[in-house]
Structures are given as structure tokens and as C-alpha cells.
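Since the structure comes first, as C-alpha cells, the remarks are kept for the end.
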Amino acid sequence: MAKKPTQAKPPKDPDKVGRIKQVRQSYTMTKQSDPRIGLILLGVFLLAGLAGFAAMLLVFRILAFAIVFGVLVGFLATLIIFGRRAQRAAISQIEGKPGAAAAALGMLRRGWKTEPAIAVTKQQDVVTRVVGPPGIVLIGEGNVNRLRPLLTSERRKHERVASETPIHEIVVGHAPGQVPLAKLTRHVTKLGRELKPAQMTDVLARIKALDSNRSAIPMPKGPMPTSMKGMRGQQRGR
């Protein structure tokens with residue numbers, strides 16, 4: 001008898017492989033600044049899992065259901081804690097580098113437009129721009145004495161093309177009146193909701209005309225921090 005042809009194995013999902021690799025890289029990076037991350041995640045899984053198991057066993061008194069529910073609760077809690085600690089570790093590694101604000105703002109969801117290094121000084125002071133529901137947000141990184149006139153200049157330029165749009169100024173740092181990098185994303189999202197999607201499209205078009213008239217901006221020396229968008233899914237437990 002002729003042998004039946006063996007069926008070819010379906011190709012691996014590249015997205016799934018990419019997510020697994022991303023989680024491994026995030027764990028390795030987090031462990032460098034948080035050596036106890038493994039023990040912490042194990043403890044979270046056990047405590048949350050036991051709590052979920054006990055709650056379901058008391059309510060439904062079905063052992064199998066309680067075990068499954070406990071495992072799911074433990075896994076979800078572990079993902080949430082891991083996402084938060086991974087984000088904290090990533091921010092600690094890029095803090096102080098030119099362009100760190102743009103990398104941290106990669107955590108923003110859809111509806112935001114981030115443009116890194118729209119203005120840069122010779123001393124590597126950087127201004128990053130974010131356009132979103134609050135309006136236009138200008139974010140400065142570097143020496144505050146050099147940033148103030150730079151931010152003022154950028155505010156005037158943006159007011160000329162988008163005079164009716166609210167413009168906010170933020171300086172990243174730990175001094176009074178400044179916003180720490182770890183709290184930057186949350187601070188930006190709490191600035192309010194002034195622009196609707198249609199208005200934001202109009203503002204972006206006006207800003208595009210402004211940017212087209214800029215001279216070439218010297219980018220900061222050294223490696224720019226990478227985007228932190230990969231942390232968003234882990235924070236939401238996906």
C-alpha cells in the first residue's frame with residue numbers, strides 16, 4: 001500500500017513567537033535592576049491563586065472549578081505586577097538620556113501623536129511634542145535654565161499656527177514644579193480633554209506646515225531610548 005502523504009505542519013504564528021520573545025526580553029531587562037523579580041512573581045501567583053481558589057470553593061464548592069479559577073487569577077495577577085515592574089525597570093534604565101520622554105510616552109494609547117526632538121540645543125537639551133486630547137504638550141528634558149527659553153520659543157511658534165489650541169509646558173525632572181519621568185505618561189493623560197478627534201486632525205495639519213519650515217535639527221548623540229509600547233499589553237494582562 002502506498003504511504004499516506006504526511007501533512008505539513010502549519011507555520012508558526014509570527015505574532016505569537018514575537019510576543020513570547022518580547023516577554024523574555026522584558027523579563028531579562030527587569031531582572032537586571034530587580035533581581036528578586038522571579039520570587040516576587042512566584043509569590044504573587046501563589047497568593048492570588050490561593051485567594052481565588054478559596055473564594056470559588058466557598059461559593060460553588062466544586063473543586064475542579066475552584067482550581068481552574070485560582071490558576072487564572074494567579075496568572076492574571078502575575079501579568080499585571082510583571083507589567084508594572086517591567087515598566088518601572090525600563091524607565092529607570094533610560095532616565096537621564098536625551099529622548100527618554102518620547103520613549104516613555106510610547107505607553108500612550110491611540111489618539112496621541114508624539115514627535116521626539118522637535119528642538120535640540122548643542123548641550124543635548126531636548127523638547128518633545130505630544131498632540132492629544134489636552135491639546136499640544138511641549139515636554140523639555142535637560143537643564144531648566146536652557147529649556148525655559150527653548151520652550152517659550154516653541155510655544156510662540158505653535159501659537160502662530162494653532163492659536164486656539166491649549167498649549168502645555170512640562171519639564172521632566174525631580175525638582176519642584178517638574179514631573180518625574182516615571183509619572184510623565186500619567187501626568188499628560190490627566191491634563192484634560194480639550195480637543196475632539198476632528199480638531200486634532202486639523203491641529204496636526206497645521207503643525208505639519210510648521211515643521212516643514214524648520215531647519216535640520218541635530219539629533220542627540222548616543223543611542224536614543226527605544227519605545228516602550230511593548231509594555232502596554234503586559235500592563236493590561238495580555
Side-chain angles (χ1 to χ4, degrees), residues 22 25-26 28-34 83-109 112-132 134-159 161-162 167-191 203-204 207-208 210-232 234-235:
Q22 188 181 71
Q25 291 175 343
S26 298
T28 302
M29 176 198 67
T30 306
K31 193 172 179 63
Q32 292 175 359
S33 57
D34 194 355
R84 291 177 178 175
R85 298 187 80 94
Q87 180 189 0
R88 191 183 308 166
I91 289 177
S92 67
Q93 291 184 14
I94 66 176
E95 190 166 12
K97 296 180 181 179
L105 291 168
M107 292 292 296
L108 291 171
R109 299 181 180 181
W112 298 81
K113 176 67 175 178
T114 302
E115 189 68 31
I118 62 169
V120 182
T121 67
K122 293 180 180 180
Q123 294 81 12
Q124 306 301 299
D125 307 294
V126 180
V127 173
T128 295
R129 181 183 63 217
V130 180
V131 181
I136 300 171
V137 186
L138 301 174
I139 302 166
E141 302 170 79
N143 183 282
V144 66
N145 294 324
R146 294 190 296 263
L147 281 174
R148 288 303 178 192
L150 192 62
L151 287 169
T152 300
S153 174
E154 287 301 317
R155 168 183 278 273
R156 290 173 180 171
K157 291 178 182 178
H158 286 78
E159 285 176 341
V161 297
I167 300 178
H168 309 268
E169 295 179 23
I170 297 174
V171 175
V172 176
H174 296 277
Q178 299 179 357
V179 179
L181 185 64
K183 299 180 179 180
L184 179 60
T185 300
R186 182 179 298 179
H187 180 84
V188 169
T189 56
K190 289 185 176 181
L191 289 176
V203 171
L204 289 173
I207 289 176
K208 186 176 181 180
L210 170 65
D211 292 341
S212 64
N213 294 325
R214 292 179 185 270
S215 57
I217 298 176
M219 295 301 290
K221 297 179 180 179
M224 292 286 286
T226 55
S227 172
M228 295 173 60
K229 288 183 179 179
M231 300 295 178
R232 292 187 304 187
Q234 294 168 15
Q235 267 200 309

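Note that this is a predicted model, so its numbers are computed, not measured. In this chain, numbering begins with 1 at the start of the sequence shown.
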| task | Output, in order, the C-alpha distance, side-chain angles, deciding distance and verdict of side chain to side chain contact (heavy atoms under 4.5 Å, CB included) for Ile207 and Arg129. | result | CA-CA 10 Å; Ile207 289 176; Arg129 181 183 63 217; 3.1 Å; yes

| request: State the CG-CD1 distance between Leu151 and Ile167, to the nearest 0.5 angstrom. | output: 11.5 Å

| said: Quick check for you: to the nearest 0.5 Å, what is the distance between Leu150 atom CG and Glu154 atom CD? | reply: 6.0 Å

| query | Would you say Met107 and Ile91 make side-chain contact, with heavy atoms under 4.5 Å? | reply | no

| task | Taking all heavy atoms of Trp112 and all of Val188, pick out the closest pair and write down the distance. | result | CZ3-CG1, 3.4 Å

| said: Treating Glu115 as the side-chain partner and Asp211 as the backbone partner, does any N or O pair qualify as donor plus acceptor under 3.5 Å? | reply: no

| said: If I compare all heavy atoms of Ala90 with all of Met29, which pair ends up nearest, and what's the gap? | reply: CB-CE, 3.7 Å

Check residues 175-185 and write down every donor-acceptor pair under 3.5 Å in which the side-chain atom is one partner and the other belongs to a residue at least two apart or another chain.
| residue | atom | partner | partner atom | Å |
| --- | --- | --- | --- | --- |
| Gln178 | OE1 | His174 | N | 3.4 |
| Gln178 | OE1 | Ala175 | N | 3.3 |
| Thr185 | OG1 | Ala104 | O | 3.2 |

| message | Please determine whether side chain to side chain contact (heavy atoms under 4.5 Å, CB included) holds for the pair Arg156 and Thr152, giving the CA-CA distance in whole Å, both sets of side-chain angles, and the decisive distance to 0.1 Å. | response | CA-CA 6 Å; Arg156 290 173 180 171; Thr152 300; 3.8 Å; yes

| Closest heavy-atom pair and its distance - Ser92, Ala89 | OG-O, 2.7 Å

Going by atom type alone, with no hydrogens or angles, which donor-acceptor pairs under 3.5 Å involve a side-chain atom of residues 134-144 and a protein atom two or more places apart or on another chain?
| residue | atom | partner | partner atom | Å |
| --- | --- | --- | --- | --- |
| Glu141 | OE1 | Ala100 | N | 3.1 |
| Glu141 | OE1 | Ala101 | N | 3.0 |
| Glu141 | OE2 | Ala101 | N | 3.4 |
| Asn143 | OD1 | Asn145 | N | 2.9 |
| Asn143 | OD1 | Arg146 | N | 3.3 |

| request: Quick one: pull up NZ in Lys31 and OG in Ser26 and give me the separation to the nearest 0.5 Å. | output: 14.5 Å

| field | Inter-residue atom distance Lys113.NZ - Leu108.CG, 0.5 Å rounding | value | 12.5 Å

| Heavy-atom side-chain proximity of Arg148 to Val171 below 4.5 angstrom | yes

